[in-house]
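Position 1 is the first residue of the sequence; numbering continues from there.
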Amino acid sequence: MAPILYDYRKMPMGDIWKEDGDKRCKLVIGILGLLVIVLLGVLLIFFIIKANSEACQDGLRAVMECRNVTYLLQQELAEAQRGFRDAEAQAVTCNQTVMALMASLDAEKAQGRKKVEELEGEITTLNHKLQDASAEVERLRRENHVLNARIADTDSASSQDSSCAAEPPLLILLLGLSALLL
């Protein structure tokens, strides 16, 4: 076997490691950078494929539909809330009106009771006056009957004249009493 000759440069050992280390470090960094770029590219391609897949498109359509439905529901909710506030304001107004009408009705009832009491008092007074007038008429009838009986006893011809003459004063007396009652 023949001896193998190696061509070595004569350099200090630290310089050899330093020169090789720089080259190796740059090479490792380059390879790692290339691997990262390739990995990111593969992931990006995978993501693009997944993003353009039918399931993903369906999901995007579902999301958009949900957003549209959500927007419509929010609009309906806002409208319902406005309607509720309006109805609530109307209810408050109606309640105030009802309270005012109830107070007015109570006042009218009280006034009506007072008027009824006044009218009942007037009716009672008029009934007393009517009873007094009826008693007076009855008394006057008796007196008239007594007078007619006396006149009839004295002269039957003159009694007819006097009874005819006695009736007009009785009629005037009755008319006067009725006027007092009214």
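Rounded to the nearest 0.5 angstrom, I49 CD1 and L44 CG are separated by 10.0 Å. How far OG1 of T125 is from CG of L130: 12.5 Å, rounded to the nearest 0.5 Å. Rounding to the nearest 0.5 Å places CG of L27 at 10.5 Å from CG of L34. Here the straight-line distance linking atom CG of L32 with atom CD1 of I37 works out to 11.0 Å at 0.5 Å rounding.
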Acceptor/donor pairs from residues 110-117 side chains to any protein atom, 3.5 angstrom cut, sequence neighbours excluded:
none

Could you list the donor-acceptor pairs under 3.5 angstrom formed by side chains in residues 83-95, with sequence neighbours left out?
| residue | atom | partner | partner atom | Å |
| --- | --- | --- | --- | --- |
| T93 | OG1 | A89 | O | 2.9 |
| N95 | ND2 | A91 | O | 3.3 |

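Residues passing the side-chain contact (heavy atoms from CB on, under 4.5 Å) test with H145, sequence neighbours excluded: none. In this structure, the side chain to side chain donor-acceptor pair (under 3.5 Å) partners of Q75, at least two apart in sequence or on a different chain, are Y71. In this structure N127 satisfies the side-chain contact (heavy atoms from CB on, under 4.5 Å) test together with I123, sequence neighbours excluded. Among residues two or more places apart in sequence or in another chain, the side chain to side chain donor-acceptor pair (under 3.5 Å) test is passed with E143 by R139.
Remark: the backbone N or O of A100 is not paired with any side-chain donor or acceptor of S104 at under 3.5 angstrom.
Crowding of E79 atom CD: a count of heavy atoms from other residues, nucleotides or ligands under 6.0 Å not exceeding 12.
A heavy-atom distance below 4.5 Å is not found between the side chains of L105 and L101. No side-chain heavy atom of E122 sits under 4.5 Å from any side-chain heavy atom of E118.
Hydrophobic clustering (side-chain heavy atoms under 4.5 Å, transitive across Ile, Leu, Val, Met, Phe, Trp, Tyr) keeps V146 apart from V137.
With respect to the salt-bridge test (charged N to carboxylate O, under 4.0 angstrom), the residues D58 and R61 qualify.
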